[in-house]
> 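I'd like to ask some things about the structure below.
Worth saying up front: this structure is predicted, and the values here are computed from it rather than measured. Residue numbers run from 1 in the order of the sequence given.
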Amino acid sequence: MQRLGLILIVLSFLPWVAIPFVVPFLPLSAAQKAICVPVLLVLAEIFFWLGVLLVGKEVAQRYRQYFSLGFLKKQVRKFRRRR
């Protein structure tokens with residue numbers, strides 16, 4: 001069950017990527033695209049919270065920390081120091 005939860009959490013980030021990089025290029029009308037964006041956002045939240053329920057609060061917080069801007073900046077600094 002924990003593996004399924006992690007998969008759902010990872011899948012919850014895909015709609016966020018799809019909105020700016022896929023939706024604008026779909027052969028849909030502007031109204032259909034305008035409906036598609038909130039649907040994808042709601043779907044992403046549902047996937048995330050279902051994943052949190054399956055893996056537990058602590059695992060979800062640790063995983064979400066990896067995608068925070070502060071953590072990413074720290075990783076970039078570490079990478080630059082190695083070079």
> Between Ile19 and Phe13, is there shared hydrophobic-cluster membership here, with clusters defined by ILVMFWY side-chain heavy atoms closer than 4.5 Å?
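As far as the 4.5 Å side-chain criterion goes, Phe13 and Ile19 are not connected within one cluster.
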> Would you mind reporting whether Ile7 and Val10 have side-chain heavy atoms less than 4.5 Å apart?
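Side-chain contact under 4.5 Å: no.
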> Measuring from Trp49:CH2 to Ile9:CD1, what's the distance to the nearest 0.5 Å?
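Trp49 atom CH2 to Ile9 atom CD1 measures 9.5 Å (nearest 0.5 Å).
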> Of the non-hydrogen atoms in Phe47 and Ser12, which two are nearest, and what is the gap between them?
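Closest pair (atom of Phe47, atom of Ser12, distance): CB-CB, 3.8 Å.
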> Please say whether more than 12 non-hydrogen atoms of neighbouring residues, nucleotides or ligands are located less than 6.0 Å from NZ in Lys33.
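Result for NZ/Lys33: enclosed.
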> Within this structure, what is the CG-CG distance for the pair Leu11 and Leu4, rounded to the nearest 0.5 Å?
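The distance works out to 9.5 Å.
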> Give, for atom CG of Leu40 and atom CG of Leu14, the distance between the pair rounded to the nearest 0.5 Å.
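One gets 10.5 Å once the value is rounded to the nearest 0.5 Å.
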> Of the non-hydrogen atoms in Pro20 and Pro24, which two are nearest, and what is the gap between them?
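Distance-wise, the nearest heavy atoms are O-CG, 3.5 Å.
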> For Ala44 and Trp16, which heavy atoms make the closest approach, and how far apart are they?
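So the minimum-distance heavy-atom pair works out to CB-NE1, 3.7 Å.
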> My understanding is that only one of Leu41, Val42, Ile35 makes a side-chain contact (heavy atoms from CB on, under 4.5 Å) with Val39; could you say which?
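The single option meeting the side-chain contact (heavy atoms from CB on, under 4.5 Å) with Val39 is Ile35.
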